[in-house]
Amino acid sequence: MKALSGFYYVQTSDALIECKARGRFRKQGVTPMVGDLARISMENGKGMLEEILPRKNCFIRPAIANIDVLVVLASCAIPVTEPFLIDRVLAIAGKQNVPAVLCVNKDDAAPAGPLVRIYEHAGYRVIRTSAQTGEGVEELRMAIGGKFSAFTGNSGVGKSSILNCMSPQLALPVGEVSEKLGRGRHTTRHIELYRLDADTFVADTPGFSSFDTERMDLVLKEQLQYAFQDFAPYLGRCQFHDCAHLKEPGCAVREALTRGELEPTRYDSYVRLYEMAKQIKTWALK
């Protein structure tokens, strides 16, 4: 449920157990993550992590495992979310075939329309919300009902506020947004899993800024096209089978962009991520 200062808090059927991890995890290069299913033992009244069960997925940022859906929170109000930040997170989710929902918060402060239009056109489910008015909160609750989800997004967009709105008893700390800097302060310092009802779990994660994108997972350039779900109808239709969708003639993706079938910001993010992915040396990943 939570990992903090070398302690791991494991929910069993009847208690939350504070555990330490066996030394062999470090030797094996395995770091327990929030969301892991684990086997534990008890020694002198203290918990010990014995085994991490196989994961169906895991992420570096947010550092979490086994999620059913990734909820990406964004805002058209201060702090305004750059489409590139959204696209990078969506690409990471797409690489692992994890469904993603875009939640555009603070619709009462600045209309969510611009981001809604982009991502509905790209085929994503988009929910407008406001933690102040309660708009869209019930729709979001239904979207994550019965699932294990993680909330992620840039600092100040209202992840903790929305969770408080869905479950007031959580009473999560909420920070202020700097009008001068145009960004929020980090109030969530660690990842923690909360139980909204019997079978609905939500992880609140620390916010990030545009400077943090370098620390996120990076999709290899050969796989990147498949991580953009709106590219799918055009893949395999290019003149060249190894088309990178950059400057090659007969590129079906770029032709779709010209016809207005793809959003320019989505394509711009693809190009930017492709250039970043080119810097990865495949031998360094072995």
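Throughout, numbering of the chain's residues begins at 1 and tracks the sequence. Computed over heavy atoms, backbone and side chain alike; hydrogens, waters and symmetry mates excluded.
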> So with a 6.0 Å cut-off around OH of Tyr226, is the heavy-atom count from everything else above 12?
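Not buried by this count: 12 neighbours or fewer within 6.0 Å.
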> So does Glu18 pair up with Lys46, basic N to acidic O under 4.0 Å?
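A salt bridge is absent here (no side-chain N lies under 4.0 Å from a carboxylate O).
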> Do Arg128 and Glu135 meet the salt-bridge criterion of a basic N to acidic O distance under 4.0 Å?
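No.
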> So does Asp68 pair up with Lys56, basic N to acidic O under 4.0 Å?
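A salt bridge is present here (some side-chain N lies under 4.0 Å from a carboxylate O).
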> Would you please classify the geometry between the His245 ring and the Tyr270 ring as parallel, tilted or perpendicular, with 30° and 60° separating the classes?
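Answer is tilted, since the angle falls between 30° and 60°.
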> Kindly check if the number of other-residue, nucleotide or ligand heavy atoms within 6.0 Å of CZ (Arg55) is above 12?
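Counting other residues, nucleotides and ligands, CZ of Arg55 exceeds 12 neighbours.
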> Please list, one pair per line, the donor and acceptor atoms closer than 3.5 Å that link side chains of residues 142-149 to other protein atoms, with sequence neighbours excluded.
none

> May I ask you to establish whether Lys2 and Tyr8 are in a cation-pi arrangement, using a distance under 6.0 Å from NZ or CZ to the six-membered ring centre and at most 45° from the ring axis?
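Not satisfied by the 6.0 Å and 45° rule.
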> Side chains of Asp204 and Leu172: does their closest heavy-atom pair fall under 4.5 Å?
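Counting from C-beta outward, Asp204 and Leu172 do come under 4.5 Å.
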> Any side-chain heavy-atom pair from Val219 and Leu273 closer than 4.5 angstrom?
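Contact flag for Val219/Leu273 side chains = no.
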> Decide yes or no for Arg259 and Arg254: does some side-chain heavy atom of the first lie under 4.5 Å from some side-chain heavy atom of the second?
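Result no, sub-4.5 Å side-chain heavy-atom pair not found.
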> Hey, is Arg22 close enough to Glu43 for a salt bridge, meaning N to O under 4.0 Å?
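Looking at Arg22 and Glu43, the cut-off is met.
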> To the nearest 0.5 angstrom, please state how far the NZ atom of Lys106 sits from the CG atom of Leu73.
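Lys106 NZ to Leu73 CG: 10.0 Å, rounded to 0.5 Å.
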> Salt bridge check, Arg272 against Glu275: does any charged N sit closer than 4.0 Å to a carboxylate O?
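Judged by the 4.0 Å cut-off on N to carboxylate O distance, Glu275 and Arg272 do not form a salt bridge.
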